[in-house]
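In what follows, chains carry the letters A, B, and so on, assigned in the order in which the sequence lines appear, proteins first and then strands, with residues in each chain numbered from 1. All values reported here derive from a predicted model rather than from experimental measurement.
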Amino acid sequence: MKTFNYHSTKDVKEATKLASSSSAFLAGGMTTLPSMKLGLASYKDIIDIKRIKKLSGIKVSGKTVTIGATTKHAEVAHSKEVKKAIPSLAALAEGIGDPQVRNRGTIGGSIANNDPSADYPSACIALNATIHTNNRKVSADKFFTGMFETSLKKGELIEAVEFQVPEKSCYKKYPNPASRYAIVGVYVAKHKSAVNVAVTGAKSCVYNDQNISGALSKSFSSSALDNVKISSSGMNSDVHASADYRANMVKIFAKKAVEAC
Amino acid sequence: MKKVNLEVNGKKVSKEVADHTVLSVFLREVLNLTGTHVGCDTSQCGACVVHVDGKSIKSCTALAADLDGSKVTTIEGLVKNGKMHPMQEAFKKEHGLQCGFCTPGMVMSAIDLLNHKKNPSDKEIRDWLEGNICRCTGYQNIVAAVKEAATKM
Ligand SMILES: Cc1cc2nc3c(=O)[nH]c(=O)nc-3n(C[C@H](O)[C@H](O)[C@H](O)COP(=O)(O)OP(=O)(O)OC[C@H]3O[C@@H](n4cnc5c(N)ncnc54)[C@H](O)[C@@H]3O)c2cc1C
Ligand code: FES
Ligand code: FES
């Protein structure tokens, strides 16, 4: 790994002031450190944000669950409050990687990275999340813009993610047996006004499947999906699964999620 | 360079290291604690698992400077008064190792599991050890060892 200057920061102002075109924020480091070791990325300055108190913690009000950016996956998985308000969100966190990844990896790092097969982006879309940064609030549907791309500007810091509590919801994924990243993952959430069906792992970026959500809005049952056709166009095709296979999995996992809601 | 203060296996250490030094390198190359193994070096295999402030983490993927002020326990810190830890005894008794490369990480990870859950099922043990890869044993005896240790811890 190429060397860099490590900065431990105490507040958001200090962290964002240090940010430049050759810096990266460091949260869990589960992506940043391996990619620097593999030579996929290099930075002059690494700005550690884990000691910024304001960025960590979970707040639950009647209608929303707000999770601080540096809150670890294990904390979300074990939170009694999250389990009560949105059980599917705690279950999603429990299904990420392995215990040691969950002890370090954070929600902010996961969504900033926007890996096409990461789990949290699907929760953001399904649960109508609002992403709070140091200078604005962005809705999830405007946040994830492409493969490993988000609408974050250079030096913009995620402070928290605010999820809307749905009437009912469930996340089901077909995990890569080695890493547990989603080969396909489907997060179904029934809100008062609409049903969201967020799909991860299938395409280059998480998306809300309008065909499935349309069918579920009319009738919230797995049989409502029997005649829905999922096109494989634009789906990923790799050693793990072909595009056609993924298209089929999207439907199967959407059904599983609805049945478990 | 950064000054890093840690408590490693009960002893306070204070060393000046390059900013990009990860904990596995700090332990192995600065403190000569080579019981912590490095397999993949990219957080996939779990050979490097140690405890930091009571939780298991992959030491190849944490900067030493980032952990300043923490308490670290490595495989070397498990022996008490010359006696192996019950988890180490159980791995020996149940033949939970062959070449031994993955073993320090397996043992540290499994102890963290039993700290959370007294009598885990086979499935819970296998799920927990998701991040620890063994290329020799086929895992059967590792699961047996963790079950055996659960009766002693
Ligand atoms: C073996 C392994 C298995 C995994 N399995 C899964 C899985 O099954 N599912 C899954 O979803 N993920 C998985 N992950 C990813 C992991 O869960 C982390 O979420 C992910 O690596 C990024 O989080 P982090 O906190 O470690 O971020 P870091 O590595 O610290 O940062 C990642 C990127 O986000 C930026 N960043 C971090 N925090 C912020 C912030 N607050 N504001 C703005 N930018 C920020 C950083 O600058 C960097 O560019 C796995 C990782 C590993 C190593
Ligand atoms: S060496 Fe750290 S996980 Fe493989
Ligand atoms: S005993 Fe050889 S890798 Fe596990």
Side-chain angles (χ1 to χ4, degrees), chain A residues 1-10 18 23-52 70 72-75 77-78 91 94-106 109 175-181, chain B residues 1-5 16-25 38 40-70 105-106 108-117 120 124-133:
Chain A
M1 181 160 50
K2 281 195 187 147
T3 195
F4 48 75
N5 299 310
Y6 169 85
H7 309 268
S8 181
T9 58
K10 295 247 151 38
L18 281 166
S23 73
F25 295 123
L26 183 74
M30 300 308 299
T31 293
T32 307
L33 293 174
S35 50
M36 282 195 286
K37 286 182 182 180
L38 294 169
L40 299 171
S42 69
Y43 304 101
K44 213 169 113 253
D45 297 288
I46 286 290
I47 306 162
D48 193 343
I49 57 171
K50 281 190 297 301
R51 292 186 195 229
I52 305 177
T70 60
K72 299 181 176 78
H73 307 329
E75 296 172 80
H78 299 149
E94 181 68 26
I96 295 176
D98 56 56
Q100 291 74 37
V101 169
R102 296 195 289 274
N103 277 342
R104 295 287 289 172
T106 69
N176 176 320
S179 70
R180 302 276 133 179
Y181 272 107
Chain B
M1 299 293 277
K2 285 277 172 311
K3 179 89 170 238
V4 177
N5 304 290
E16 186 106 352
V17 295
D19 291 31
H20 67 296
T21 308
V22 287
L23 181 60
S24 52
V25 169
V38 175
C40 65
D41 205 19
T42 49
S43 55
Q44 326 270 324
C45 76
C48 66
V49 169
V50 300
H51 295 184
V52 172
D53 297 329
K55 291 200 176 99
S56 57
I57 71 158
K58 293 174 177 171
S59 62
C60 71
T61 313
L63 295 173
D66 171 345
L67 301 174
D68 191 37
S70 303
M106 286 284 180
M108 296 312 286
S109 184
I111 292 173
D112 193 15
L113 167 64
L114 294 192
N115 288 342
H116 278 86
K117 197 143 189 111
E124 284 166 331
I125 295 170
R126 285 177 188 276
D127 283 352
W128 184 272
L129 295 177
E130 178 61 42
N132 293 84
I133 294 173

*Enumerate by number any residue of residues 56-65 of chain B whose heavy atoms lie under 4.5 Å from heavy atoms of chain A; in the absence of such residues, state 'none'.*
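Residues of residues 56-65 of chain B touching chain A at under 4.5 Å: B:Ser56, B:Ile57, B:Lys58, B:Cys60, B:Thr61, B:Ala62, B:Leu63, B:Ala65.
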*asked:* Is there a side-chain contact between A:Arg104 and B:Asp66 in this structure, where contact means two heavy atoms from C-beta onward sitting under 4.5 Å apart?
replied: yes
*Neighbour count above 12 (heavy atom, 6.0 Å) for B:Lys2 NZ*: yes
When rounded to the nearest 0.5 angstrom, what distance separates [atom1] in [X] from [atom2] in [Y]?
| X | Y | atom1 | atom2 | value |
| --- | --- | --- | --- | --- |
| A:Leu33 | B:His20 | CG | NE2 | 11.5 Å |
| B:Ser43 | A:Lys37 | OG | NZ | 7.5 Å |
| B:Asp19 | A:His7 | CG | NE2 | 8.0 Å |
| B:Asp53 | A:Asn103 | CG | CG | 11.0 Å |
| B:Asp41 | A:Met1 | CG | CE | 8.0 Å |

*ring pair (Phe, Tyr, Trp, His ring centres under 6.0 Å) partners of A:His78, counting only residues at least two apart*: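 Applying ring pair (Phe, Tyr, Trp, His ring centres under 6.0 Å) to A:His78 gives none.
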*Give the member of A:Gly29, A:Pro177, A:Ala178, A:Pro99 that has the highest number of heavy-atom pairs under 4.5 Å with chain B.*
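Heavy-atom pair counts peak at A:Pro99.
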*Pick one of side chain, backbone, both or neither for B:Val52, based on which atoms fall under 4.5 Å of a heavy atom in chain A.*
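When you check distances to chain A, no heavy atom of B:Val52 falls under 4.5 Å.
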Region of [X] that comes under 4.5 Å of a non-hydrogen atom in chain B:
| X | answer |
| --- | --- |
| A:Ala74 | neither |
| A:Thr3 | both |
| A:Lys2 | backbone |

*How close do B:Glu130 and A:Gly97 get, heavy atom to heavy atom, and via which atoms?*
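Between these two residues, the closest heavy atoms are CG-O, 3.7 Å.
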*Who are the side chain to side chain contact (heavy atoms under 4.5 Å, CB included) partners of A:Thr32, not counting sequence neighbours?*
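A:Thr32 satisfies side chain to side chain contact (heavy atoms under 4.5 Å, CB included) with A:Leu26, A:Met36, A:Tyr43, A:Ile46 only.
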*With sequence neighbours left out, write down each residue that passes side-chain hydrogen bond (donor to acceptor under 3.5 Å, both in side chains) with B:Asn132, or none if nothing qualifies.*
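B:Asn132 satisfies side-chain hydrogen bond (donor to acceptor under 3.5 Å, both in side chains) with B:Ser109 only.
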*Could you walk me through whether A:Arg51 and B:Asp68 pass salt bridge (charged side-chain N to carboxylate O under 4.0 Å, His left out), step by step?*
CA-CA 11 Å; A:Arg51 292 186 195 229; B:Asp68 191 37; 5.5 Å; no
